[in-house]
Every structure is written in C-alpha cells, then in structure tokens.
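Here is the structure we will look at.
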Amino acid sequence: MFSRRNRRPKSPALLTAWESLDSGDVPGALRQLRGAAESEPLAEVALVVGRAAAAAGFEDLEKAGTALAASPGKPQQLYDFGYACVERGVAYLAIPALREALRLAPDSTAALRELVSAYEDEERHREAVDVLSAHEDRLAAWPDRYLLVFNAVLAGDLDLARRHHALLPDPDDAMWRPARDRQNRVLARADRAAPVTALDGTDLRGWQFVLGGTILGTLSPYGFDAGMAGRYAWIQDSPEQCLRGLLRLKAVLAAAGTRPASVSLLPDRGSRILGLAAAEVLGLPALPFAPERPDTVVLAYDLNDTLAAEDGPTVLKHLLHRTPGQVLHEHASCWTDTPAVTPDSVTLLHQSVVAPWAPGLRVTADGGVEQGEPDERPEAEIAAGIVAADPTPDEGDGETPADPVERLTDFVAAVRDGWLSGERTRVTSAGPVAGSRFL
C-alpha cells in the first residue's frame, strides 16, 4: 500500500519547502510557503504544512493538513485546515483553503468569519471588505456588519464605512458595546481630519490620528515611495532626533492649547533620560510617574522597553486608562509590534531602533563598521546632551514631502477637539497606508 510518508509535492516551489523540512528548517519552509500557498494545489500545500506542523509539535494542524491532503475537495476539511492555520499564526496559509470552503459552501457563516479573520491577520483589509460585501444580504449586525465597517476603515474606504456604520443598531450584547464606542470615535476623528488632510494611501499622520488618536510628530526622510510612507525600518537614533521630537511635542501641546504642569518619568532608563530632557525643553519639573497625577506629560522612549522594566506591566496598566490631563508621548513607537498602550503623541514610527545610549554601529578608522559600547554616563548627563543637540532635520533621500512644523501644528489645531478624548484605540494594523511588514 502507498505510504503517505513517501509522498512528496510535485511543484518546484513546494519541493523547495519540502527540502527545507528535510534539513529541519521549519521557518525556511514556511517562508517558501508564503510565496507559494496562493498558487499551488491545496492538497500539496496541505501535505507540506502537515509535515511542518508535525516537526513543530502542532498536532491539530498536522491532523488538519493530513486530512486536507487526502480529501482536498471537502468543505469541512478545508475549513478545519484554515481554522488551524489561523490559530497557529500562519493565516496566509489559511486564506486559499477558507476561500475554497466558502465557494463550496456559500452559506457557511463559520467559513466567512474565519476567512475574514485570516484576511485581517494578514492586513488584507480590502479583501475582507470584498468578501463581506459579497455576502451582505445575510450579514448579522454583530459581528459581521461591524467587521465590514472595521475593515472598510482599515482599507481607507470611509464612505463605505460610514454607510454601514449607520445601518448598525446598538448591540444587544454588552460585549459589543466597547467595539461600537471605538468605532464611533474612529469615524468622528475621520470627520475632523478629512477637511485638513488627504487621508489617502500615503497620509501616515492622518491615519495615525484616525485609527488610534495619535499625533505623529515627524516623518522618516528615507524610503517614502518604497512603501515606508514616513515610517522607519531600522534607525540608529541620535540626540539630534530626540531633541527634534521634543520640540515637535512642544509645538503640538501649544497648538492643542494643552498646558501640562509637569513631566512624568517612567521606570525604564531610556524613558528617564528622555523625560529629563523633555523637562528642560518644556520648562517643567520632572517627577516620578504617579497614576493619579493630572496635567502631566508622561514621557516614554519606547513603550515596549517600558513594558520590559521591573514595574513596566503595572505602569502600562495604569496608562491604559489615563487620568484626565495626562498626555502620553512615546518617542520611538514600533509599528510592526505596536505597544500595549496607544500613545497620544509619537515622534517617529520604526520597525527596529537603536537608542542613542545603546550599543550602536560606528565607523572605524579604516572605514569599517563595528559595534560600539553603551553610553553608561549618568542619565542627567545624557539628557543634557540631548538638550544641547542640533535639531536640524536629516535631508534624507529627497523623496519625502516637506513637513514643516507649521503643517503639523495646523493639523493639530484642526483636530484638537478630538484629541485626548475618550479611550485610546489600539490598532495592530498599518491600516490604509500600505506597509512592508511582510516583506
């Protein structure tokens, strides 16, 4: 009898993934599958995925892959495989199977919702909108029409989002009321921002405000037209960039008419350094963070670093529901690993950052590059260096649109009534500004 153990995929792309598994390289196989899953036969993809799952110890996905490889035309096997892929964090492998399951069983609400979930995980919000719209005649208000609004916003289709939002009744289930409130806030911010900014596929500042209520202070001067649209990939930060961010924060606070009485210092070293510099720039006293303190700017260098500090989880829990009058500013915010708490203001968005006081790369005397040493000077001394730095912006590659401070303050003045109001919305997707997260 033919043994499944001896089966091998036939296509070159899947054979490459199979050979990666021969050498025990499961991540390498999954990278190959990302490019092949949409175009190769589902049975062969499932065969490779089942073997990869077995190597990783994922029995549910191994079982689902084996079943789909044996019966690729059955909706239940397609759904089970897609569900297991989503659960195991490989939603891109789920999409072809769930799409086929929905084609074979077009009335399956489970297949529709799981396909939308997979599209969301992959930030393919336009496709989520399209599949929900195609089944509009049988959408339940909660969650289906809500998901249509949610994905329409993240796809940049505000007209469609507003139309379906207007059709949503108040939810009977209290579980959905926070989602309804978040959606109300997002669309209200969009209404405020639309008259003064483009809200198109490159409007990073506009969408940061609409989606999360965050004011973005600066745009990266590199790679704007290469998919970054004002975000950084890797950045070796500098005192100059830190000062530039603090001066932009000062301008934002003035434009919004916000008058803090202090700067609050968070527990991690980077935030303390930047907080001391901010106190000098803003002319305010620096105090240890206290959750109940109003009218204060809470300074974070990178909130993911704050989370890693000894008291970080407790501090971030307090910042999730901030005292009125607290403004949370994060200097370097990771857009591919968004912090658990949404800041009110950020200087820059990055994928990876090296802080000015961290061991960075430096050029040697012979023109080579080597790893430097950490800056272990006292925090106040490093902060003084930031205050004394030259904030002149980097000219970059010349492709990023000009972004004078007046452009920022005009935007803030126009949207300030919607800033610092209500709960902040954490959004893990890059939204309508297409990104390079999966490259």
Side-chain angles (χ1 to χ4, degrees), residues 119-120 123-126 128-129 145-166 168 178-220 224 227-231 248-249 252 255-256 258 303 320 322 327-330 333-336 338-339 341-349 401 403 407-435 437:
Y119 279 139
E120 288 177 356
E123 299 187 9
R124 293 164 62 171
H125 301 291
R126 183 73 255 176
V129 168
R145 195 175 297 277
Y146 159 76
L147 291 174
L148 178 51
V149 177
F150 174 80
N151 283 283
V153 172
L154 289 170
D157 194 340
L158 288 170
D159 289 341
L160 182 68
R162 292 186 183 101
R163 179 166 68 83
H164 285 280
H165 183 71
L168 267 176
R180 174 72 167 190
D181 292 341
R182 284 195 300 271
Q183 212 162 75
N184 287 340
R185 290 194 297 272
V186 166
L187 291 174
R189 288 194 294 261
D191 290 341
R192 288 188 173 92
V196 294
T197 195
L199 291 182
D200 59 13
T202 64
D203 186 7
L204 189 61
R205 178 173 292 137
W207 284 113
Q208 284 292 301
F209 175 74
V210 170
L211 297 180
T214 299
I215 301 294
L216 175 62
T218 67
L219 302 178
S220 165
F224 190 91
M228 301 312 291
R231 295 168 293 217
R248 286 281 174 123
L249 170 63
V252 165
T258 300
L303 283 166
L320 187 63
R322 297 193 270 285
V327 178
L328 176 59
H329 174 76
E330 181 184 24
S333 189
C334 184
W335 66 276
T336 53
T338 52
V341 174
T342 299
D344 301 303
S345 168
V346 301
T347 296
L348 59 89
L349 298 175
D403 188 39
R407 183 180 179 189
L408 171 63
T409 53
D410 287 349
F411 176 81
V412 173
V415 304
R416 63 184 178 184
D417 289 342
W419 192 46
L420 307 179
S421 61
E423 297 293 330
R424 279 59 164 187
T425 306
R426 180 173 185 249
V427 178
T428 58
S429 169
V433 182
R437 183 188 298 254

Approximate separation, where rounding is to 0.5 Å, of [X] [atom1] and [Y] [atom2]:
{"X": "L420", "Y": "I215", "atom1": "CG", "atom2": "CD1", "value": "8.5 Å"}
{"X": "S345", "Y": "F209", "atom1": "OG", "atom2": "CZ", "value": "12.5 Å"}
{"X": "L349", "Y": "T336", "atom1": "CG", "atom2": "OG1", "value": "10.0 Å"}
{"X": "L168", "Y": "R163", "atom1": "CG", "atom2": "CZ", "value": "12.0 Å"}

Using atom types as modelled and distance alone, determine if a side-chain donor or acceptor of [X] lies under 3.5 Å from a backbone N or O of [Y].
{"X": "E330", "Y": "P343", "result": "no"}
{"X": "R416", "Y": "T258", "result": "no"}
{"X": "R192", "Y": "A414", "result": "no"}

### Task
Take V153 and H165, measure what side chain to side chain contact (heavy atoms under 4.5 Å, CB included) needs, and give me the verdict at the end.
CA-CA 10 Å; V153 172; H165 183 71; over 6 Å; no
Under a 4.5 Å cut-off applied to non-hydrogen side-chain atoms, are [X] and [Y] in contact?
{"X": "V196", "Y": "D410", "result": "no"}
{"X": "D191", "Y": "L158", "result": "no"}
{"X": "V210", "Y": "W207", "result": "yes"}
{"X": "V415", "Y": "R189", "result": "no"}
{"X": "V433", "Y": "Q208", "result": "no"}
{"X": "D157", "Y": "D159", "result": "yes"}
{"X": "H329", "Y": "V252", "result": "no"}
{"X": "R248", "Y": "T347", "result": "no"}

### Task
Kindly indicate, with the supporting measurements, whether the criterion side chain to side chain contact (heavy atoms under 4.5 Å, CB included) is fulfilled by V427 and L154.
CA-CA 10 Å; V427 178; L154 289 170; 4.0 Å; yes
Smallest separation among heavy atoms of [X] and [Y], with atom names:
{"X": "L204", "Y": "G230", "answer": "CD2-C, 3.6 Å"}
{"X": "S333", "Y": "V346", "answer": "CB-CG1, 3.8 Å"}
{"X": "Q183", "Y": "F150", "answer": "NE2-N, 3.7 Å"}
{"X": "G213", "Y": "W419", "answer": "O-CD1, 3.3 Å"}
{"X": "L408", "Y": "R205", "answer": "CD1-NE, 3.6 Å"}
{"X": "T197", "Y": "G206", "answer": "CG2-CA, 4.1 Å"}

### Query
What do the steps show when you test R322 against V341 for side chain to side chain contact (heavy atoms under 4.5 Å, CB included), and what is the final call?
CA-CA 10 Å; R322 297 193 270 285; V341 174; 3.3 Å; yes
### Task
Verify side chain to side chain contact (heavy atoms under 4.5 Å, CB included) between V129 and L148, making sure each step is shown before the conclusion.
CA-CA 6 Å; V129 168; L148 178 51; 3.9 Å; yes
